[in-house]
Amino acid sequence: MEFSSRARQKHVRLAGDRREQYPHSLQFYLEPPTESISLVEFESFAVDRLKLLKVVENLGVSYVRGTDEYKSKLESELRKLKFPYKALAEDDYEARRKDHISHFILRLAYCQSEDLRRWFLQQEMDLFRYRFNELSGSLMQKFLEHVNLSFEAISEDLKNELANELSVSTPGFSLTKVKEQMFYKVGLADAVDLFRARRVFIKDGFAFVPFKEIDVIVLNNYRTKLSKALALTARSLPSIQSDERLQPLLNHLSHSYVGPDYSVQKNAGKISLDQIDALSVKSFPLCMRQLHRALRDSHHLRHGGRMQYGLFLKGIGLTLEQALEFWKKEFIRGKVDADKFDKGYAYSIRHSYGKEGKRTDYTPYSCMKIIMSNPPSQGDYHGCPFRHSDPELLKQKLQSYKISPSGITQVLELVKGMHYQLACQKYFELTHDVDDIGFSLNHPNQYFTESQKLLSGGREVKKESNNSGNFQQKNNSQESINSSSTPTSSSAKADTELEGLEAYFTED
Ligand code: SF4
């Protein structure tokens, strides 16, 4: 894939129509795209696929896969984002092209660590399963031939001869059903999962697989291919990392989430410092509740914690003046004297509000950023407790917050399946006593806003009459950088600049 610069190429297609590349709506993504595409298209394809995979993840936990509800919600998302949602019959060249290119972009972004690879593989597998099962029998057959997975159907004579064995060894297959369905002779290596689960009849080194179980084999095959491809892509990372246009984009995508970035201080000055203790219990997500407690207990937070918590507080509405007062009051109760605070820590707080240095107005961290980068070490309290806490400690913490035993079990199950944000959604439901959170959680500040909406019956955060001043004037140029609702190269730029800010926070 080659890329052209944003300035020269707007949203135009750079290559001609390559319809013949996509004879099927479904793909194994074996060949990377070779056409040139603009950076604008690159970004928009990547963001749309990320949105789709997030929906796949959410649906996979909220609904039983394959049920009508699951299928109709996924189809509607595919339609909305303009990915292929029906098979061959449709003239959906644009959708197929987008599907192909966006898969490869996210493959680049998500090959960078074991956690990312696992997440990407899981969502892509679920997406593929849904789409494969939506194919009609004949389209399935065509697809299998296309990807060289055509299995030999056994003759009627052989089926009749083996009818008893097939019925006994294939769960759910009566003799009548055996007669109705096609059976395929598949090499054992391709049918390991079915063989292990004792779901097929084995004879002479072949598994006899009913048509309805073929998806297991195809998925197995796809999983092997995709995990190998991800490992190979990871090996070629150094050459990708040397491309200065791509690397920030890919990094941003893998830490990215798709929603507002909470950089615009809509609620600036609406919260008083006296409210924070109560809010931390009622409306803070677990990560911020943990940071707040640690700060109150030890009157100090190390720089990872100050960054994560400080920007969150800014996002919920603390003005710069309030932030300075809040941190100072707490720190001078510990080992830091007022003079040291004013000389060191105060500068870094002003910096995070865009009042020092490059005057970048820093954006509160999204869940993906917290989950994926800068894991906490001993003595740190930042990070995501669902991702970074030992499950036993997490359990104790939830017990101390009076979460019911069954609720804790549900949260821990989600954590075990590495669905950290969904575990957090469950925590929201349990602490707010609602059955369905009704939104897809991507950001700690979103958690706060939704909680406040719910607790105040749909109203915005209540305005404090005695606020300590809202003198912060937003720098317009910064606003345009940060108000983007999707990960863009400018937000990637903000990420890079954050590293500059972190330098100011190195003092523990
Ligand atoms: Fe915080 Fe997000 Fe983790 Fe929830 S999922 S605890 S909001 S980082």
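All of these numbers come straight from a predicted model, not from anything done at the bench. When a ligand or atom number is given, it counts from 1 through the structure's own listing order. For the single chain, residues carry numbers from 1 onward in sequence order.
- Side-chain atoms of Cys111 and Leu116, non-hydrogen and from C-beta on, never get closer than 4.5 Å to each other.
- Within the protein, the N, O or S atoms sitting under 2.8 Å from atom 3 (Fe) of ligand 1 are Cys384 SG.
- Salt bridge annotation for Asp99-Arg131: present, with a cationic side-chain nitrogen under 4.0 angstrom from a carboxylate oxygen.
- A 6.0 Å sphere centred on OH of Tyr130 holds more than 12 heavy atoms belonging to other residues, nucleotides or ligands.
- Counting only heavy atoms from C-beta outward, the side chains of Arg289 and Tyr427 approach each other to under 4.5 Å.
- Using the six-membered ring where Trp is involved, His432 and Phe428 have ring planes that are parallel, under 30° apart on the 30 and 60° scheme.
- Remark: Arg79 engages Glu75 in a salt bridge, criterion side-chain N to carboxylate O under 4.0 Å.
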